[in-house]
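As structure tokens, the structure follows; a few thoughts come after it.
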Protein chains: 4
Amino acid sequence: MAKTHKPSTPIEPASSGEGRGAPPAASYRAERAAERRAAIVDAAMDEFIARGFTATRLDDIAKRAGVAKGTIYLHFKDKESMFEELIRTAIVPLVGRLTGPPPPGRSVRDAIEGFALTFIAEVANTRRADIVRLIISEGPRFPAIADFYYREVISRGLNGMRALIELAIARGEIRQPELARYPQILVAPAIVAVIWKSLFERHSPLDAIAMFRVHLDLIFGERSKS
Amino acid sequence: MAKTHKPSTPIEPASSGEGRGAPPAASYRAERAAERRAAIVDAAMDEFIARGFTATRLDDIAKRAGVAKGTIYLHFKDKESMFEELIRTAIVPLVGRLTGPPPPGRSVRDAIEGFALTFIAEVANTRRADIVRLIISEGPRFPAIADFYYREVISRGLNGMRALIELAIARGEIRQPELARYPQILVAPAIVAVIWKSLFERHSPLDAIAMFRVHLDLIFGERSKS
Amino acid sequence: MAKTHKPSTPIEPASSGEGRGAPPAASYRAERAAERRAAIVDAAMDEFIARGFTATRLDDIAKRAGVAKGTIYLHFKDKESMFEELIRTAIVPLVGRLTGPPPPGRSVRDAIEGFALTFIAEVANTRRADIVRLIISEGPRFPAIADFYYREVISRGLNGMRALIELAIARGEIRQPELARYPQILVAPAIVAVIWKSLFERHSPLDAIAMFRVHLDLIFGERSKS
Amino acid sequence: MAKTHKPSTPIEPASSGEGRGAPPAASYRAERAAERRAAIVDAAMDEFIARGFTATRLDDIAKRAGVAKGTIYLHFKDKESMFEELIRTAIVPLVGRLTGPPPPGRSVRDAIEGFALTFIAEVANTRRADIVRLIISEGPRFPAIADFYYREVISRGLNGMRALIELAIARGEIRQPELARYPQILVAPAIVAVIWKSLFERHSPLDAIAMFRVHLDLIFGERSKS
DNA sequence: TATGAATGAGTGTTCATTCAT
DNA sequence: TATGAATGAACACTCATTCAT
């Protein structure tokens, strides 16, 4: 009954007409609404992750969020659009952090390793891993989600990776020019780690970071020191 | 909507059995029962793949299989055991082919490449890719499936891979001894290819075989010719 | 699985055209049919008693009788007529014994006591008690059964009782002439005993015979000795 | 078909309850809920009486009660607990009236006759007779019902009767001390009357009250006048 | 005659969605 | 805005009955 985890995503209220700078006194209602919405989003995420789209009951979401069932319909048109909106808002915040900053003065390997560590720490080892699994699960039934995800995350991410790889090739860090054609190879172990966590962690724990380092050694050549 | 693929698994009738004094030659009844069962299995696989476990309706399976709803219950106890049995019988036949034969005189790379080509041809580019996705999707809700799959497929497969890697290290084909600790790296691109096919093939087709060859180049060093 | 109780009623084969004196050699089939029918009747009785008409499954009857489900339909038109026929054949044999013989030289009390002891021994303390309960249960839904039972058992039985009561009044054994108008009073404790056995025997066992003797004492006056 | 009787039991809403700050006066919602629940209880009683537990369809109950099928599940967990709860609430109110008040200054016979008249008027000649028949019918399949009924009704009722009988013996109204051991005899004709009404009233009407008076004459001796 | 696989209408139960309060 | 009782379509599963063997 008790909710112990924090909302996975910062949510902005979408219902009221008041902007950010509305008088704080009058916006009490809007704040409450935003809180409720956040609670619903958070509860829904948990339930969808645990049961998948179809098997999730709005009743359970409402109970977990501490609101009445009807309240959900004040924030979302129906179960399906709630799900789609959830997936969107859950993933977008990640993209900026992962593809955003280009490499400073460090080696490309360090940059990629930094991204990978961030990804593994913030995705593979958190509830977000299950969101990725959820996208894999429900994607085919929600073309809109697959489309959105491909457009906003996959293609951007791969382009970012490709740019890094090309830079590394130019710098001589990577000697496999073909790799630029398949940036998926670069992230494949991270994807596998995410799936592994969801399915087999209890059968045999996996040290995603160590695995990824070995993978980088394959690509960049073994590290001299460290 | 059209069913064009062949039944994914050869199924033997499990329930009927011929009457006491029946001629040992396959009786007409037993044959018919086996046919019906195969039709149900095939139809169920299609539906489960298309909709996931919960959203699949037995009515649709029956309609697609061309039998009455009640007939399903002559072959399976309930929806859940049907699903579990399907997953099992769909995957097991693969394992033998993929882990079975140890490398003859060829190089380890050739052996692995052979396996990978088989895997990609028979899984990534067929309906079985969706079965893998189904396992990823429903695994967490069907611990029995995750258990079975880990025991029968994953651990065996990884052990096979590890043995090959160690052989390659001994022979000097691979220079990264750490790779033996993470055989997952070896197969990661194949997994990613499977997922890609299910979700993004229509956004951007992926040449799984070419990708895997680049991956092998990373591991074994670039091929001189070919 | 094993059937240990004996068939509750002697059943005559009703299907073949052969009379009783048919050549014993040629009647093997008829005998087998009669056996099967008896097994079905017996199994059906058990199941109907245990579950009532609607909740009884023909599958269970067939299994218990050791025949195939279809075989039942060779002997009975459908579930409903099977039930009605069962009730009829189960009750009729009793009527003769209970109302049949008029009192010889003994006192009326002894005659009634003899009947009552027979009834209690052969009904209240056997499976037949449950048949009575079954009639009470299903009677309203099977008017044909209530009609039949009233005609063949109740009215005859009450008339027999009434005759006995009037005889006892004429002889001075009973001093309550009104009793002849309500022969039900005479048998009421036996009915109550039957119901009690079915419902409350495990809560508090009831000595039906002793109770009935006390009841007879009320009617005939206390017995001088015993 | 027409529903003319009043709901058999005053029911209080068990599930809804008024919101936190709701006025303590019975809210409109709570009233409506109680009404609906009463309608369901009433309709269910009718259907169960007419068809027995298994043959009764929730669809019919809902239709008769004028509610949707799902509404039933707002008040009862499932068909079985609905049935058990119905039986309980249908019987309990009777017990108080029947066993409650000990005899004032009147003769024991008058007290018992008073009880019997009440019982016959309120049970044998009303729908409650069918409830008794229902208990007889379904008791063996619902041990919880038989247990409850034995505990709350039978054992209390018999104890009450026994106390009355012993009082009558002490006062010299009854000369059969053995009767105290079988209070069932006292009520047997009432039970028989109840069953008779359900099964054979249309074949031959029974004047339960007159019959019971004759029975009392047997026990207490014939009444001087009347 | 006997079988039991196959059928499909029927039933209990669930749950997304609505709407009076 | 928030509620949660009410709805009713939908679905898993059952079982009396049929019929090809």
Side-chain angles (χ1 to χ4, degrees), chain A residues 15-16 29-30 32-33 36 54-62 67-80 82, chain B residues 13 15-17 19-20 22 27-30 32-33 36-37 54-62 67-80 82, chain C residues 15-16 29-30 32-33 36 54-63 67-75 77-80 82, chain D residues 13 15-17 19-20 22 27-30 32-33 36-37 54-62 67-80 82:
Chain A
S15 54
S16 92
R29 300 273 290 242
R32 295 282 305 166
R36 280 169 189 278
T54 310
T56 289
R57 287 169 305 199
L58 292 191
D59 246 335
D60 289 343
I61 293 176
V67 302
K69 218 182 336 174
T71 305
I72 294 175
Y73 286 85
L74 299 175
H75 293 276
F76 300 95
K77 178 173 154 287
D78 57 14
K79 194 186 179 188
E80 202 164 313
M82 174 167 60
Chain B
S15 56
S16 68
R20 302 186 199 180
S27 75
Y28 180 66
R29 299 280 284 256
R32 296 282 303 170
R36 278 168 188 279
R37 190 190 163 90
T54 309
T56 289
R57 289 172 306 214
L58 291 191
D59 254 332
D60 289 344
I61 293 176
V67 302
K69 207 178 354 171
T71 305
I72 294 174
Y73 288 87
L74 298 176
H75 294 276
F76 300 95
K77 181 175 152 288
D78 57 13
K79 194 186 178 187
E80 201 164 316
M82 176 165 61
Chain C
S15 55
S16 92
R29 302 272 289 244
R32 296 282 304 167
R36 279 169 188 279
T54 310
T56 290
R57 288 168 304 199
L58 292 193
D59 247 335
D60 288 344
I61 294 176
K63 206 171 296 170
V67 302
K69 218 183 336 175
T71 305
I72 294 174
Y73 286 85
L74 299 176
H75 294 276
K77 179 173 153 288
D78 58 13
K79 193 186 178 188
E80 203 164 314
M82 175 167 61
Chain D
S15 56
S16 69
R20 304 186 198 180
S27 76
Y28 180 66
R29 298 280 284 255
R32 296 281 303 170
R36 278 168 188 278
R37 189 189 163 90
T54 310
T56 289
R57 288 173 307 215
L58 292 191
D59 254 333
D60 289 344
I61 293 176
V67 302
K69 207 172 4 164
T71 305
I72 295 174
Y73 287 86
L74 298 175
H75 294 276
F76 300 95
K77 181 176 151 288
D78 57 14
K79 193 185 180 189
E80 200 163 317
M82 174 165 63

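Here is how names work: the chains are called A, B, and so on, in the same order as the sequence lines, proteins then strands, and each is numbered from 1.
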| So do the side chains of B/Met82 and B/Leu58 get within less than 4.5 Å of each other, counting heavy atoms only? | yes
For nucleotides 14-17 of chain E, list the nitrogen or oxygen atoms of the protein found under 3.5 Å from its nitrogen or oxygen atoms, one pair per line.
residue, atom, partner, partner atom, Å
E/dC15, OP2, A/Arg57, NH1, 3.2
E/dA16, OP1, A/Thr56, O, 3.0
E/dA16, OP1, A/Lys79, NZ, 3.3
E/dA16, OP2, A/Leu58, N, 2.8
E/dT17, OP2, A/Tyr73, OH, 2.9
E/dT17, OP2, A/Lys79, N, 3.1
E/dT17, O5', A/Tyr73, OH, 3.3
E/dT17, O4, A/Lys69, NZ, 2.9

| note | To the nearest 0.5 Å, atom CG of D/Leu74 lies from atom CZ of D/Arg37 at 11.0 Å
| task | Identify which nucleotide among E/dT3, F/dA2, E/dT7 has an atom closest to any side-chain atom of C/Ala68, counting heavy atoms from C-beta outward. | result | E/dT3
| Between P of E/dT3 and CD1 of C/Ile72, the distance in whole Å | 10 Å
| query | What would the secondary structure line of DNA chain E be in dot-bracket form, counting Watson-Crick and G-U wobble pairs under 3.5 Å, with [ ] for pairs that cross earlier ones and | for pairs with another strand? | reply | .||||||||||||||||||||
| query | Just how far, in rounded Å, is P of F/dT3 from CG of D/Leu74? | reply | 18 Å
| request: May I have the distance from C/Lys63 (atom NZ) to E/dT3 (atom P), rounded to whole angstrom? | output: 14 Å
| query | Over how many whole Å does the gap from D/Asp60 atom CG to E/dG10 atom P extend? | reply | 12 Å
| query | Expressed in angstrom and rounded to an integer, what is the separation of D/Arg37 atom CZ from F/dA6 atom P? | reply | 12 Å
| query | Rounded to whole angstroms, how far apart are CZ on D/Phe76 and P on E/dG12? | reply | 15 Å
| query | From C/Glu80 CD over to C/Thr54 OG1, what is the distance, rounded to the nearest 0.5 angstrom? | reply | 9.5 Å
| Distance in Å, D/Asp59 CG paired with D/Ile72 CD1, rounded so as to fall on 0.5 Å steps | 8.0 Å
| note | Shortest non-hydrogen pair, A/His75 vs A/Ala33, comes out as CE1-O, 3.6 Å
| task | Could you check whether B/Arg36 gets within reach of a base, just the sugar-phosphate, or nothing at all, counting any heavy atom under 4.0 Å? | result | sugar-phosphate
| OP1 or OP2 of F/dA6 under 4.0 Å from side-chain N/O of D/His75 | yes
